[in-house]
Amino acid sequence: DAMVIQNPRYQVTQFGKPVTLSCSQTLNHNVMYWYQQKSSQAPKLLFHYYDKDFNNEADTPDNFQSRRPNTSFCFLDIRSPGLGDAAMYLCAASRDRSSYEQYFGPGTRLTVT
Amino acid sequence: AQSVTQLGSHVSVSEGALVLLRCNYSSSVPPYLFWYVQYPNQGLQLLLKYTSAATLVKGINGFEAEFKKSETSFHLTKPSAHMSDAAEYFCAVTHRSSGNTGKLIFGQGTTLQVKP
């Protein structure tokens with residue numbers, strides 16, 4: 001029944017230790033998005049994939065990378081997490097960029113110690 | 001550029017009372033507008049969307065919103081609040097034009113508290 005799945009739901013990593021968050025979708029949608037949501041703030045788009053085409057937001061730090069090996073899966077890599085990267089990371093999928101309805105996963109809450 | 005302003009970061013209503021959450025947008029092109037709800041430690045769930053069809057949009061859980069171009073508003077209402085409506089609500093805007101990525105611009109959110 002789940003459409004967008006994120007694992008793990010909670011992730012703890014150490015300062016500077018690389019971490020990978022994963023997202024999968026059963027919708028077979030073309031577009032996948034990664035948002036960062038800090039405490040009591042609105043979600044902020046980091047980047048998205050339209051099929052295999054990667055699109056980075058201009059203000060997304062270089063510390064954040066993404067991979068999409070196939071339609072179903074998308075990964076968020078944080079190369080050297082800092083304390084300021086502690087946040088909820090939300091993955092979303094959309095049929096295409098013209099439909100604009102995005103289906104969100106439950107999120108991964110990242111803690112950096 | 002597009003932006004969204006949600007008036008009131010916290011709204012408190014009694015159970016059974018009218019819910020009104022305010023959203024104003026700014027967009028130089030015809031917008032698409034959305035309301036999402038977020039429960040603690042959960043993702044966002046779409047409540048309703050406006051995509052240039054009917055200006056009064058009905059969504060899930062008894063919510064509805066009216067697009068008013070003259071007021072650049074898209075306020076969310078529900079006639080009778082239920083305890084389960086307590087959550088964070090986000091208004092978001094995007095638009096359909098050449099090259100648009102579908103990027104959602106979110107408001108800062110409104111926390112709805114429902115008192116027994």
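Worth saying up front: this structure is predicted, and the values here are computed from it rather than measured. Letters A, B, ... are given to chains in the order of the sequence lines, protein chains preceding strands, and every chain is numbered from 1.
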Once you round to the nearest 0.5 Å, how far does CG of L104(B) lie from CG of L45(A)? 8.5 Å
Can you tell if the side chain of N41(B) reaches within under 4.5 Å of the side chain of Y10(A), non-hydrogen atoms only? yes
Greatest number of heavy atom pairs closer than 4.5 Å to chain B - which of Q37(A), Q41(A), M88(A), K44(A): Q37(A)
Which portion of Y103(A) sits near chain B, non-hydrogen atoms under 4.5 angstrom: neither
Do you reckon L47(B) sits in the same ILVMFWY cluster as L112(B), going by side-chain contacts under 4.5 Å, direct or chained? yes
If you look at every heavy atom in G107(B) and A42(A), which pair is closest and at what distance? O-CB, 3.0 Å
Hydrophobic cluster identity match, Y36(B) and V31(A), side-chain contacts under 4.5 Å: yes
Which atoms of L46(B) come close to chain A, meaning under 4.5 Å heavy atom to heavy atom: side chain ones, backbone ones, both, or neither? side chain
Write out all pairs satisfying disulfide (SG to SG under 2.5 Å) with one or both partners inside residues 32-71 of chain A, taking only residues at least two apart or from two chains. none
Can you confirm whether R68(A) is buried at CZ, in the sense that more than 12 heavy atoms of other residues, nucleotides or ligands lie under 6.0 Å from that atom? yes
Does any non-hydrogen side-chain atom of Q102(A) lie less than 4.5 Å from one of F34(B)? no
Going only through I, L, V, M, F, W and Y residues with side-chain contacts under 4.5 Å, is there a path from L44(B) to L21(B)? no
Decide side-chain contact (heavy atoms from CB on, under 4.5 Å) for Y32(B) and E101(A); before the verdict, give the C-alpha distance in whole Å, the side-chain angles of both, and the deciding distance to 0.1 Å. CA-CA 10 Å; Y32(B) 288 174; E101(A) 182 164 344; over 6 Å; no
Engaged part of Q38(B) at the chain A interface, taking heavy atoms whose separation is under 4.5 Å: side chain
Heavy-atom contact with chain B under 4.5 Å, split by part of Q6(A): neither
As an exercise: rank F106(B), F90(B), Y39(B) by heavy-atom pairs under 4.5 Å with chain A and give me the winner. F106(B)
If two hydrophobic side chains count as joined below 4.5 Å and joins carry through other members, does Y35(A) share a cluster with I78(A)? no
Looking at P43(A), G107(A), A92(A), S40(A), which has the largest count of heavy-atom pairs under 4.5 Å with chain B? P43(A)
Restricting to non-hydrogen atoms, name the atom on G43(B) and the atom on L90(A) that form the minimum distance, rounded to 0.1 Å. CA-CD2, 3.9 Å
Joint hydrophobic cluster, V19(A) plus F15(A), side-chain heavy atoms closer than 4.5 Å: yes
Within residues 46-65 of chain A, contacts to chain B at heavy-atom distances under 4.5 Å involve H48(A), E57(A)
Given the rule in the side-chain contact (heavy atoms from CB on, under 4.5 Å) test, do Q42(B) and R9(A) qualify, once you have shown the distances and angles that lead to the verdict? CA-CA 9 Å; Q42(B) 296 291 324; R9(A) 294 292 314 280; 4.1 Å; yes
